[in-house]
Amino acid sequence: MLDINADIYITGSNAYLLSGELATYLAGRYIEIRLYPFSFAEVLAMEKHQGNIVSIRDSFRTYVKRGGFPFLYNYSFSDADAMLYLTDIFNSTILKDIVQRNRVRDAALLRMLILYFIANTANTFSANSIIKYLKNQKRSISTETIYNYIEYCRSACLLHLVKRNDLAGKSLLATQEKIYLVDHGIREALLGTNETHINLVLENIVYMELIRRGYEVTVGKLKTLEVDFCAQKGTETLYIQVCYLLATDETINREFGALALIPDNYPKYVFSMDEFDFSRNGIIHKNICDFLLETLST
């Protein structure tokens, strides 16, 4: 039950970093409400409300490119104007929310590191690989600085750092985390490659949807195999694989095979853009659009 005497404040895409600061000053109890960019369901609802009659698949293609910042769906933007708007958000977040608040001395190095993370969305990373990459760019950085910069970006609600979960040993692993973006449209605006790297973008979209639905999300590891997401909420656990298309036997075996080896009976899903139902051996296949527009049943 909500305590009417509690202090209430809202944190969102550009205000999230204020939550830690406000908590220091607020007396008594308070409730934090986290806001995220629009989900695909919210984008579709907005388009229907405005009388824009488009197919779900056409809307999703737009969502893959533009992401979910609400302003983009309040008005009719050209692709060029939409990308300019997202680029401005990125630059504003970098310069104001991160560099100024954290007194970052080398803004160019910070930007280079963030662009590296954006280009490698949904890929595992290690501090050593980043140090090696920057060395090739004639720049140097310490492991401590890398993680400080990541924390600045998390506080500014730009990036999410996701740990790996050893599904056999039931423990979190301290290395090879993954980075996800709060909004994949920023990636398109800066790199222009969302459709080229559609697998990574779809994984990012599913991750953010799970977060919106209140799940705690980790990346599953099972021996040499990876499960994209282990999502937990209370006593509920879901295992999820994400890919673009189940176009080959190799892809089908990879996505379903990792889930089949998990030694428990929690629900297991494979999400892709296929229209045909590939469900098998108790593992449920869903079209990604269908998942985004309905609630999972466990």
Inset, instruction - Check whether any side-chain N or O of Asn194 sits under 3.5 Å from a backbone N or O of His184 as a donor-acceptor pair, and report yes or no. - result: yes
Legend entry - Short side-chain to backbone donor-acceptor contact, Lys268 and Tyr266, under 3.5 Å: yes
Legend entry - Heavy atoms from other residues, nucleotides or ligands near CD of Glu151 exceed 12 (cutoff 6.0 Å): yes
Inset, instruction - Considering non-hydrogen atoms only, spot the tightest contact between Asp228 and Glu255 and give its length. - result: OD2-OE1, 4.5 Å
Legend entry - Any donor-acceptor pair under 3.5 Å from Glu42 side chain to Ser39 backbone: yes
Inset, instruction - Determine whether Phe38 and Phe90 fall in the same hydrophobic cluster, where Ile, Leu, Val, Met, Phe, Trp and Tyr are linked whenever their side-chain heavy atoms lie under 4.5 Å apart. - result: yes
Inset, instruction - Evaluate the side-chain proximity of Glu209 to Arg212: yes if any heavy-atom separation is below 4.5 Å, no if none is. - result: yes
Legend entry - Leu158 side, atom CG; Asp97 side, atom CG - distance, nearest 0.5 Å: 9.5 Å
Inset, instruction - Output the distance between atom CG (Asp183) and atom CZ (Arg66), rounded to the nearest 0.5 Å. - result: 12.5 Å
Legend entry - Cationic N near anionic O, under 4.0 Å, Glu226 to Lys178: yes
Legend entry - Flag side-chain contact, heavy atom, 4.5 Å: Glu47 against Leu44: yes
Legend entry - Cluster link Val217 to Leu202, ILVMFWY, side chain under 4.5 Å: yes
Legend entry - Chi angles and distances behind the side chain to side chain donor-acceptor pair (under 3.5 Å) call for Gln50, Tyr73: CA-CA 9 Å; Gln50 293 176 337; Tyr73 299 95; over 6 Å; no
Inset, instruction - Please say whether more than 12 non-hydrogen atoms of neighbouring residues, nucleotides or ligands are located less than 6.0 Å from CD in Glu275. - result: yes
Inset, instruction - Decide yes or no for Leu161 and Phe125: does some side-chain heavy atom of the first lie under 4.5 Å from some side-chain heavy atom of the second? - result: yes
Inset, instruction - Provide the closest heavy-atom pair for Ala189 versus Leu86 in the form atom of the first, atom of the second, distance. - result: CB-CB, 3.6 Å
Inset, instruction - Look at atom CG of Asp58 and say whether more than 12 heavy atoms of other residues, nucleotides or ligands are closer to it than 6.0 Å. - result: yes
Inset, instruction - Compare every heavy atom of Arg213 with every heavy atom of Phe291, then report the nearest pair and how far apart it is. - result: O-NH2, 2.8 Å
Legend entry - Lys/Arg cation over aromatic Phe271: Lys286, 6.0 Å, 45° cone: no
Inset, instruction - Carefully, step by step, assess Tyr207 and Val242 under the rule side-chain contact (heavy atoms from CB on, under 4.5 Å). - result: CA-CA 10 Å; Tyr207 168 79; Val242 182; over 6 Å; no
Inset, instruction - Would you give the length of the straight line joining atom CG of Asn120 to atom CD1 of Ile179, rounded to the nearest 0.5 angstrom? - result: 10.0 Å
Legend entry - Under 3.5 Å donor-acceptor, Lys65 side chain and Gly67 backbone: no
Legend entry - Option from Leu293, Asp290, Leu292, Asn287 for which side-chain contact (heavy atoms from CB on, under 4.5 Å) with Ile56 holds: Leu293
Legend entry - Neighbour count above 12 (heavy atom, 6.0 Å) for Glu216 CD: no
Legend entry - Heavy atoms from other residues, nucleotides or ligands near NZ of Lys233 exceed 12 (cutoff 6.0 Å): yes
Legend entry - same_hphob_cluster(Leu245, Ile205) at 4.5 Å side-chain heavy-atom cutoff: yes
Legend entry - Pair Phe77 and Phe71, ring centroids less than 6.0 Å apart: yes
Inset, instruction - Report yes if the distance between the aromatic ring centroids of His285 and Phe276 is under 6.0 Å, otherwise no. - result: no
Legend entry - Approximate separation, where rounding is to 0.5 Å, of Tyr36 OH and His160 NE2: 5.5 Å
Inset, instruction - Report, as yes or no, whether the 6.0 Å neighbourhood of atom CG on Asn74 holds more than 12 heavy atoms from other residues, nucleotides or ligands. - result: yes
Inset, instruction - Output yes when Glu250 and Arg254 qualify as a salt bridge under the 4.0 Å nitrogen-oxygen rule, no when they do not. - result: no
Inset, instruction - Check the hydrophobic clustering (I, L, V, M, F, W, Y; side-chain heavy atoms under 4.5 Å; chains of links allowed) and say if Leu200 and Phe40 are grouped together. - result: no
Inset, instruction - Output the distance between atom CG (Leu181) and atom CE (Met208), rounded to the nearest 0.5 Å. - result: 9.5 Å
Inset, instruction - Report yes or no: do Ser279 and Asp277 form a side-chain donor-acceptor pair below 3.5 Å? - result: yes
Inset, instruction - Specify the closest pair of heavy atoms between Ala127 and Thr143, including all atoms of both residues, with the distance to one decimal. - result: CB-CG2, 3.7 Å
Inset, instruction - Mark yes when over 12 heavy atoms from residues, nucleotides or ligands other than Tyr244 sit less than 6.0 Å from its OH; otherwise mark no. - result: no
Inset, instruction - Taking the side chain as every heavy atom from C-beta outward, state whether Asp81 and Tyr75 have any pair of such atoms under 4.5 Å apart. - result: no
Inset, instruction - Answer yes or no: is there a side-chain heavy-atom contact under 4.5 Å between Arg34 and Ile211? - result: no
Inset, instruction - Evaluate the side-chain proximity of Phe278 to Val270: yes if any heavy-atom separation is below 4.5 Å, no if none is. - result: no
Inset, instruction - Establish, yes or no, whether the cationic atom of Arg154 lies under 6.0 Å from the six-membered ring centre of Phe117 and within 45° of the ring axis. - result: no
Legend entry - Distance, nearest 0.5 Å, that separates CD1 of Ile131 from CD1 of Ile146: 4.5 Å
Inset, instruction - Report yes or no: does Arg187 contribute a side-chain atom to a donor-acceptor pair with the main-chain N or O of Ile118 at less than 3.5 Å? - result: yes
Inset, instruction - Would you kindly say whether Asn91 and Arg111 are connected by a side-chain donor-acceptor distance under 3.5 Å? - result: yes
Inset, instruction - Kindly indicate whether the side chain of Cys289, heavy atoms from C-beta on, has any atom under 4.5 Å from the side chain of Tyr63. - result: no
Inset, instruction - Would you indicate whether the side-chain heavy atoms of His197 and Leu191 approach each other to under 4.5 Å? - result: no
Legend entry - N/O donor-acceptor pair under 3.5 Å between Ser92 side chain and Asp88 backbone: no
Legend entry - Linked, directly or transitively: Ile240 and Val162 (ILVMFWY side chains, under 4.5 Å): yes
Inset, instruction - Search all heavy atoms of Leu222 against all heavy atoms of Ala258 and return the closest pair with its distance. - result: CD2-O, 3.9 Å
Inset, instruction - Run the ring-centre check on Tyr180 versus Phe229 and record whether the distance is less than 6.0 Å. - result: yes
Inset, instruction - Go through the steps for Ser140 and Leu134 under the test side-chain contact (heavy atoms from CB on, under 4.5 Å), then give the verdict. - result: CA-CA 6 Å; Ser140 62; Leu134 291 175; over 6 Å; no
Legend entry - Contact summary for Ala260 and Ile283, nearest pair of heavy atoms: N-CD1, 3.8 Å
Inset, instruction - Can you establish whether the number of heavy atoms outside Asn136 located under 6.0 Å from its atom CG is more than 12? - result: yes
